[in-house]
Asker: 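Have a look at the structure that comes next, please.
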Amino acid sequence: MSDSLSDALAALEAEVRAACAAARDDNELRQTAARYLGVSGTLTRLLKRIPELPGPERKPFGQRVNAAKVAAEACVAQAHARLRAEARERELARPAADVTLPGRRRKVGRRHPIQRVLEEVVDTFVGLGFDVAEGPEAELSVNNFDRLGFPADHPAMDMHDSFFVADLDAAARVLLRTHTSTVQVREMLSHPPPVRVVAPGAVYRRDDDVTHSPMFFQLEGLLVDEGVTLSQLRGVLEAFLGRLLGEGVKTRFRASYFPFVEPGAELDVGCLLCRGEDASCRVCKGTGWLEILGCGMVDPVVFSNVGYDPERYTGFAFGMGIDRLAMLRYRVPDIRLLYENDPRFLASV
Ligand SMILES: [Zn+2]
């Protein structure tokens, strides 16, 4: 191999060393490696020329160029290690945290409007002497319907109106309870009279529009004793509404039909927004009244179904939608807002 070629390769090696040492980041180093060692890099092209040389020159030339290639690869590896070490040092030199930055305010949540109203309603009835009772949300059909005197062809017993969980034989059929009256049945089955309970909780029906949600919250109450009268029902509910909405709130009873009570009534309160003075009021639709709850005297059939003596005991029951009370209280136009968990809405009520 000629001296001039040997000198040229030595110069090339020096060039590679200098280029690797000058590389300031991975990208520059990659470009340097490609320039000498890539598919069309200087050293690669020299190796490809070996077959063109006269026979005796091939071996020494090949050995020399290969040595230059190995040296170049070592240079690249060394430079790569150097860059990694430099990056690590920069990382360590950076301050761990800038304590002069302003803090991030933590968002504080609060209780959901339904929960707030529910607790307030429960507190009010506890103040009137009621106990709180709870029961399972997946309930036997017999507790949800039969023992409450629902006729067998009542539409609520249809698959289209209720969520059945296990459709076994009639005695073991299970559904998501459609009302909390099931808790009253359980209370009466497990306690002799007198009974004085309210049962709050989630109930389920196949409804979904601006005023109905497939899951919603109810509170039902039951009072059973000897000599319970309709006027006592009225007195308890008026006391309840007075405490919840303020003394002097107007109320009226309207005869209505509900399963398992006879007679049944709906209780309206005077419109909280317009006080009956605005014919265009959207909350009461100009009637001056808002439907708040259903109530009535417990049908003696129910007492027979749970083993109470219907000749000796009378009682009253009432039920209200907590969602509806929350909508009225917080002026919520669409019930679905209460269940979408949008923080913008929840922060506004
Ligand atoms: Zn009104």
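Counting convention: from 1, in listed order, for ligands and their atoms alike.
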Asker: Ignoring hydrogens, what is the shortest heavy-atom contact between Ser141 and Asp146? Give both atom names and the distance.
Answerer: O-OD1, 3.3 Å

Asker: Angle class for the Phe240/Phe125 ring planes (parallel below 30°, perpendicular above 60°, tilted otherwise)?
Answerer: parallel

Asker: Starting from the Zn ion (ligand 1), count all protein N, O or S atoms within a radius below 2.8 Å.
Answerer: 4

Asker: In this structure, is the centre-to-centre distance between the rings of Phe260 and Phe303 below 6.0 Å?
Answerer: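 When the ring centroids of Phe303 and Phe260 are compared, they turn out to be at least 6.0 Å apart.
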
Asker: Would you mind reporting whether Thr44 and Val39 have side-chain heavy atoms less than 4.5 Å apart?
Answerer: no

Asker: So, for Asn144 and Glu139, which heavy atoms are closest and what is the spacing to 0.1 Å?
Answerer: N-CG, 4.4 Å

Asker: Classify the ring geometry between Phe164 and Phe145 as parallel (under 30°), tilted (30 to 60°) or perpendicular (over 60°).
Answerer: tilted

